[in-house]
Amino acid sequence: MVSMRDFSRGDLEVLFERAREMERYTRSGLDVLRGRVMAVAFFEPSTRTRLSFETAMKRLGGEVVGFSSAEGTSVEKGETFSDTIRMLDAYADVIVVRHRLEGAARLAAEIAQSPVVNAGDGSFNHPTQAMLDLYTIWREKGRIDGLKIGIMGDLKYARTVNSLLEGLSLFDVEIALISPEFLRPRQETLDYVQSRGLRLRAYTRLEEALGELDVLYVVRIQKERFLDPLEFERVKGSYKLTAESLRGAKDDLIVLHPLPRVDELDASVDRTRHAAYFRQAAYGVPLRMALLSLVLS
Ligand code: NCD
């Protein structure tokens, strides 16, 4: 599971139905992966992705090994990425990998016999987050087709946005891209999703698009991915969603965010009926239970 581009709409529908069933077992557990081992190889920080994968595996009766930073592993002694993956492949039935370099998960998938799940590589792909984002929309709105979806923030470096756009191109939706000029998505992604029929419009200000939207997806500025610190300074603080700025939104607009938030999503939004991002994060467990059960059983 390296890229959203590897998945069809039918695959996602199967996944969503399974995740909906798994919601019943997020506390009680379901013993379908007893004796199976998942390795987490996280070379980059994570809270939700790693912990929801681990929780999902444990709720399914499986076991977890791995690391949450290269510190403390033989990478510090100079071991290569390939050798590390080879070892995990020998120990585990599935490998979940996160890395700061684009293409790391693809490389891992080429090396390993076991299935590899990309939990984020550089600013490129984060397919399981996109699945979770799509699931949240499907779950909260009852459908994806026919919706108007705004995506606001750092559309250039946020890997969740790249994967989400690829996933949305499987549905009949209209997209408003809201960002400073400089933070528009990479051209290759735009070409790809438009060739698949996704309708896109670009805005620089939220007010221009807000009134029409059913979903507003916000991402933080991905400070760590900027090549030039001066570029970051130019766009820092350039957008911020507050309860006030949501006046004029549809009553049933939902606000999503992959989290973590920094300053682009104000805590005042938490108290509005629009806030759906904590439920979104919670769906991470049933969604990943569904994924792991489909991959391993
Ligand atoms: C995202 C990521 O790591 O790309 N976080 C996540 O997985 N929920 C988003 C981000 O870091 O901004």
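Basis for what follows: all heavy atoms, side chains included, without hydrogens, waters or symmetry-related copies. Each ligand, and each atom within it, is numbered from 1 in the order the structure gives.
- Looking only at atom types and distance, the side chain of Y135 has no donor-acceptor partner in the side chain of E140 under 3.5 Å away.
- Between the CG atom in L198 and the OH atom in Y192 there is a gap of 11.0 Å [rounded to 0.5 Å].
- For the pair Q222 and ligand 1, a heavy-atom separation below 4.0 Å is found.
- Using a 3.5 Å distance cut-off with no hydrogens or angles, the side chains of T26 and R59 do not pair a donor with an acceptor.
- Using a 4.0 angstrom heavy-atom cutoff, T49 counts as in contact with ligand 1.
- What sits closest to atom 6 (C) of ligand 1 on the protein, heavy atoms only, is L259 O, 3.5 Å.
- Distances from atom 7 (O) of ligand 1 to the heavy atoms of R220, R50, H126, E264 put H126 nearest.
- Cluster membership check: L296 shares its hydrophobic cluster with L15, using side-chain heavy-atom separations under 4.5 Å among Ile, Leu, Val, Met, Phe, Trp and Tyr.
- Counting only heavy atoms of the protein, atom 3 (O) of ligand 1 lies nearest to R159 NH2, 2.9 Å.
- Proximity of G120 to ligand 1 is not established, as no heavy-atom distance is less than 4.0 Å.
- Taking atom 1 (C) of ligand 1 as the reference point, the nearest protein heavy-atom neighbour is T160 CG2, 3.8 Å.
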CA sep, side-chain torsions, deciding dist, call: R139, E23, salt bridge (Lys or Arg N to Asp or Glu O under 4.0 Å):
CA-CA 11 Å; R139 184 71 174 69; E23 282 189 34; 2.7 Å; yes
